[in-house]
Amino acid sequence: MSVIIRPIVSEKMTAQTEKLNRYGFICVKSADKLQIRKEIEELYGVNVVSVNTIRYAGKKKSRYTKAGFVQGRTNAYKKAIVSLKEGQVIDFYSNI
């Protein structure tokens, strides 16, 4: 089973990638740092220096519509910030 769901491609992560050589990934909530490190190294063929993880809780959202007041929740997820060895890069757009 894969622990990496998808990479994070946003302005903030792109800035970190250019300056600090760090990449962001959305992961399975039960994944630990060693599993994330192993999978990144296997998928992209790079050497991982460190892995930082952040758990985000789902937030309550509500809005008014024609049908009335609608309430819901966003999904909870885990984000991993991966630092690579100097000089190595991950190209997310190579297989498009």
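Keep in mind that this is a model prediction, so the values were computed, not measured.
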Checklist line | Any side-chain heavy-atom pair of Val70 and Lys61 under 4.5 Å | finding: no
Margin query: Treating Arg37 as the side-chain partner and Ser50 as the backbone partner, does any N or O pair qualify as donor plus acceptor under 3.5 Å?
Written below: no
Check: Heavy atoms, side chains only, cut-off 4.5 Å: are Ile81 and Ile54 in contact?
Finding: yes
Item checked: Any donor-acceptor N/O pair, Asn52 side chain to Ala80 backbone, under 3.5 Å -> no
Next item on the list: Could you walk me through whether Ile5 and Tyr77 pass side chain to side chain contact (heavy atoms under 4.5 Å, CB included), step by step?
Entry: CA-CA 10 Å; Ile5 296 173; Tyr77 62 96; over 6 Å; no
Checklist line | Shortest non-hydrogen contact from Ile8 toward Met13 | finding: CG2-CG, 3.6 Å
Next item on the list: Could you check if a side-chain atom of Ile36 sits within less than 4.5 angstrom of a side-chain atom of Phe25, using non-hydrogen atoms only?
Entry: no
Notebook entry, point to check: Do the side chain of Arg22 and the main chain of Thr17 share a donor and acceptor less than 3.5 angstrom apart?
Noted result: no
Notebook entry, point to check: Just how far is it from atom OG of Ser2 to atom CD of Glu42, taken to the nearest 0.5 Å?
Noted result: 10.0 Å
Note to self: Contact between Lys79 and Tyr56 at the side-chain level, heavy atoms closer than 4.5 Å - yes or no?
What the structure shows: yes
Next item on the list: Answer yes or no: is there a donor N or O on one side and an acceptor on the other, between the side chain of Glu41 and the main chain of Val48, under 3.5 Å?
Entry: yes
Next item on the list: Would you mind reporting whether Ile90 and Val46 have side-chain heavy atoms less than 4.5 Å apart?
Entry: yes
Notebook entry, point to check: So Lys60 and Thr74, side chain to side chain contact (heavy atoms under 4.5 Å, CB included) or not? Walk me through it.
Noted result: CA-CA 7 Å; Lys60 289 184 179 181; Thr74 60; over 6 Å; no
Margin query: Do Tyr23 and Phe92 have side chains that approach each other closer than 4.5 Å (heavy atoms only, starting at C-beta)?
Written below: yes
Check: Would you call Lys78 and Ile26 a side-chain contact if the rule is heavy atoms closer than 4.5 Å?
Finding: no
